[in-house]
Amino acid sequence: MNARLLPFVVTCGIFVLAYGLAWLQFPAILSTRVIGNLLTDNAYLGIVAVGMTVVILSGGIDLSVGAVIAFSGVFIGVMLRDTGLHPYAVFVLLLLITTLFGLAMGAVIHLLEMPPFIVTLAGMFMARGAAYVLSIDSIPIRHPAIEAIQSAYWLMPGKGRLTLIAGLMLLTVAAVTLLIHRSPFGTRVMAVGGDARTARLLGVDVGRTTVAVYGLSGFCAGLAGVVFAVYTSAGYSLATVGTELDAIAAVVIGGTLLTGGSGFVPGTLVGVLIMGLIQTYIVFDGTLSSWWTKIVIGMLLFGFVALQKGLVQLRSRKGGGRRRARRQSAQGRAAA
Amino acid sequence: MDAVLEARGITKRFPGTVALDAVDFTLARGEVHALLGENGAGKSTLIKCLTGAYARDGGTVLLDGRPVAPRSTADAQALGIGTVYQEVNLLPNLTVAENLMLGREPRRLGLTDRRGAGREAARLLADYDLDIDVTRPLDAYSVAVQQIVAIARAVSLSDKVLILDEPTASLDAAEVERLFGILRRLRGRGLAIVFISHFLDQVYAIADRLTVLRNGRNVGGGPAAGVDRLALVNMMLGHDLAQAETGHRARAPDDGPPAAQFRDFGRSGRVEPFDLTIRKGEIVGLAGLLGSGRTEMAEAIFGIDGSDSGTAEVGGTARRLDSPRAAIRAGMGFCPEDRKTDGIVADLGVRENMMLALQARRGWTRPVARREQDRMVADYIRRLDIRTPHAEKRVGELSGGNQQKVILARWLLMNPGFLILDEPTRGIDVGAHAEIIRVIEELCDRGMSLLVISSELDELAAYSDRVIVMRDRRQVAELAGAAVSTGAIVAAIAAAPQQRTAP
Ligand SMILES: Nc1ncnc2c1ncn2[C@@H]1O[C@H](COP(=O)(O)OP(=O)(O)OP(=O)(O)O)[C@@H](O)[C@H]1O
Ligand SMILES: [Mg+2]
């Protein structure tokens with residue numbers, strides 16, 4: 001088996017195991033109803049985490065996405081309230097804005113050679129600020145077209161509902177999986193994340209790849225914003241604070257290396273589902289504080305980083321991945 | 001002469017340095033053209049200016065008589081110029097096939113046609129006798145295989161010009177021969193090839209013409225047959241090479257206490273258990289082909305992989321060498337082979353890089369006084385002839401060979417009781433070779449013990465008191481005293497494997 005897929009397989013194993021344990025305690029948890037809700041409740045997180053996966057694979061980070069989602073909600077609310085535009089037109093306009101916003105951040109990162117952490121942190125403040133400027137209050141989002149989206153679903157066997165927004169999330173995962181793991185663009189992203197200098201000397205247009213990656217993340221954040229607005233029927237500038245960190249956690253739990261160049265997009269979906277499952281368990285239990293979600297996720301994150309380190313070491317013992325192991329030992333030596 | 005590539009007056013300035021000063025360079029169709037010069041002479045910079053990796057500050061480049069100005073390596077590839085840059089090989093996190101096909105993947109419906117890419121990649125490698133699975137990640141293979149894959153990629157990209165910057169640094173003799181066979185065939189087809197190397201034997205074996213750079217200037221060249229070795233070295237250095245010591249280093253055998261002693265020491269799967277005793281002031285050479293277990297043995301001794309059998313004694317006390325930290329604490333040092341991944345901290349300056357090991361041994365609470373640092377660093381910059389404008393220059397901006405010297409200096413100035421050097425002179429020019437050997441011998445005369453791994457057998461024979469020959473992860477021979485000679489080492493490496501005696 002490809003050792004690179006091992007973190008993904010382990011993630012899937014953990015998900016199945018956790019679901020199994022929850023099922024022993026609450027048999028009702030194993031139903032398409034619960035699964036449908038799991039997908040719907042986490043649709044926006046899944047979409048934004050997939051965009052984050054691409055950014056992390058390219059060796060970067062995008063801290064602006066939570067704020068962009070909040071901006072999206074406020075933007076949609078204000079536009080529907082103050083203009084006669086049809087929601088679909090508003091959505092297209094919004095996606096255009098967030099994509100351009102991502103492209104601009106990518107351009108700054110590449111052209112000014114600034115660290116993505118700083119640039120997207122600035123982007124986070126700007127997007128959040130723009131949301132405040134549009135409105136400080138929570139704006140209800142109502143429109144027949146949006147109600148139609150909210151009530152569109154496919155009835156799964158067992159009466160579970162696969163809602164339109166959950167389907168949109170699954171579609172995004174599938175499309176980005178193809179883009180990253182089956183297209184020439186995806187190979188470039190991996191190349192840049194592996195070693196940007198070498199990639200450049202091999203003829204990869206690092207600038208264009210970087211800009212495109214942040215553009216894609218901006219698009220995903222906008223799409224997540226649309227889904228979140230539809231899901232909550234409201235736009236609020238204080239919403240989704242810290243969602244970028246949830247997304248990063250999902251990416252890491254999904255088996256993508258934070259240093260870039262190695263990972264698997266569907267892993268992120270499983271990461272999101274693990275986080276959603278913990279939440280669902282807490283709801284079923286009824287006595288636990290929902291803050292337990294955070295604690296469990298924190299422990300999982302630790303576990304995964306340790307697991308990945310262990311895997312790398314295991315591989316180096318067997319002789320494979322020797323260079324990487326040696327690089328680590330060199331760091332150890334320098335730190336000694 | 002039928003010139004394919006003609007460069008006139010190429011100039012490149014870096015802050016504080018003129019790397020290239022109006023260099024002319026002409027490359028003819030169907031020739032192998034060696035580009036020579038000391039470390040820091042500007043060879044790699046010239047290549048990067050020609051292929052668009054650096055923007056040049058002046059000069060023109062004509063390809064087939066037409067001026068070209070590639071702005072990126074992708075442009076150069078599109079013009080039919082394929083390049084393997086020094087120490088920048090490929091991307092270890094991608095598969096072999098992805099590396100080979102990067103930038104020209106066959107597509108189907110906009111997606112990569114992976115089957116087609118795999119087939120094409122296998123075809124590109126067919127000439128190289130490599131039995132590897134192209135769908136596996138590149139870092140599953142040895143550095144030598146990676147190097148060959150990098151060359152195969154460059155060859156397949158070059159319609160007109162192929163440029164190889166020190167391509168043979170990590171290849172063994174058989175692989176070099178195979179590469180040369182391929183280069184000769186490409187030359188026969190009319191490809192123009194630029195070959196950069198510090199191995200003069202290889203240069204004379206393959207090159208038709210030579211060009212020598214010194215301090216960023218073209219100082220001469222001509223048909224390889226018309227320039228003899230001595231003249232060539234003089235041209236590179238700009239002065240006569242101080243007569244290198246020949247013959248065996250004369251030293252009385254030391255029967256003092258052993259500096260380090262290993263019994264039945266090994267690590268399963270990496271190197272079989274061995275016994276090794278190194279006396280104070282002794283130089284022990286470690287010879288063998290690539291993959292014979294030389295590096296693995298050194299790494300086991302230095303605690304990089306940990307050992308799983310035997311005992312170690314360093315400086316008279318038993319030690320558990322289970323990590324580099326433990327080894328450093330025991331007074332050992334290790335200068336690794338692969339400087340890009342194992343040694344250099346490219347963003348730190350020359351001084352900081354050199355001080356790392358010594359400072360680590362003392363602990364960060366007892367910093368070495370700045371004055372003392374400056375003195376030591378200046379001393380080694382002078383002794384190893386490191387070409388840098390000042391001691392604070394970022395190491396990443398030095399030439400490849402000068403980076404190697406900085407790492408070497410890091411371990412030499414720590415002056416450990418027992419030092420391991422893995423290919424210390426790789427990528428280092430002829431002039432500096434002699435210097436480095438002199439410094440090594442001087443340190444050993446003052447009591448340091450040394451274990452040196454080297455593929456340059458002449459050199460190994462010249463300074464080693466004893467030579468251990470490895471094959472198949474085992475010690476197969478030990479030569480001592482008068483028996484140490486290049487011929488004897490070659491014979492031991494090549495000897496038919498002994499029959500394994502049944503346990
Ligand atoms: N990116 C850079 N920034 C600043 N100076 C540089 C940079 N690259 C090279 N130089 C300087 O240019 C000079 C020529 O370096 P170059 O790498 O071309 O040498 P070289 O002939 O290839 O040597 P070697 O045999 O050691 O590889 C050196 O003095 C080096 O310090
Ligand atoms: Mg060079």
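Side-chain atoms of B/N93 come within 3.5 Å of backbone atoms of A/G261 as a donor-acceptor pair (strictly under, hydrogens ignored). With hydrogens and angles disregarded, no donor-acceptor distance shorter than 3.5 Å links the side chain of A/T198 to the backbone of B/L91.
For the atom pair CD of B/E105 and OG of A/S183, the computed distance is 8.5 Å after rounding to the nearest 0.5 Å.
Applying a 4.5 Å heavy-atom cutoff, none of the residues of residues 100-116 of chain A approach chain B. At a heavy-atom separation below 4.5 angstrom, chain B is approached by A/P184, A/T187, A/R188, A/M190, A/A191 within residues 184-193 of chain A.
Of all heavy-atom pairs between B/L102 and A/V204, the closest is CD2-CG2, 3.6 Å. Of all heavy-atom pairs spanning A/L201 and B/A53, the tightest one is CD2-CB, 3.6 Å. For A/G203 against B/A74, the heavy-atom pair with the smallest separation is O-CB, 3.3 Å.
Counting heavy atoms of neighbouring residues, nucleotides and ligands inside a 6.0 Å radius, atom CZ of B/R108 does not exceed 12 of them. Shown here is B/R114, whose CZ atom has no more than 12 heavy atoms of other residues, nucleotides or ligands within 6.0 Å.
Just one of B/T83, B/T73, B/L90 meets the side-chain contact (heavy atoms from CB on, under 4.5 Å) condition when paired with A/L202; it is B/L90.
Counting heavy-atom pairs under 4.5 Å between each of B/T112, B/T95, B/D113 and chain A puts B/T112 at the top.
Residue A/L179: no heavy atom, backbone or side chain, is found under 4.5 Å from chain B. Contact of B/R329 with chain A is not made at all, since no heavy-atom distance falls under 4.5 Å.
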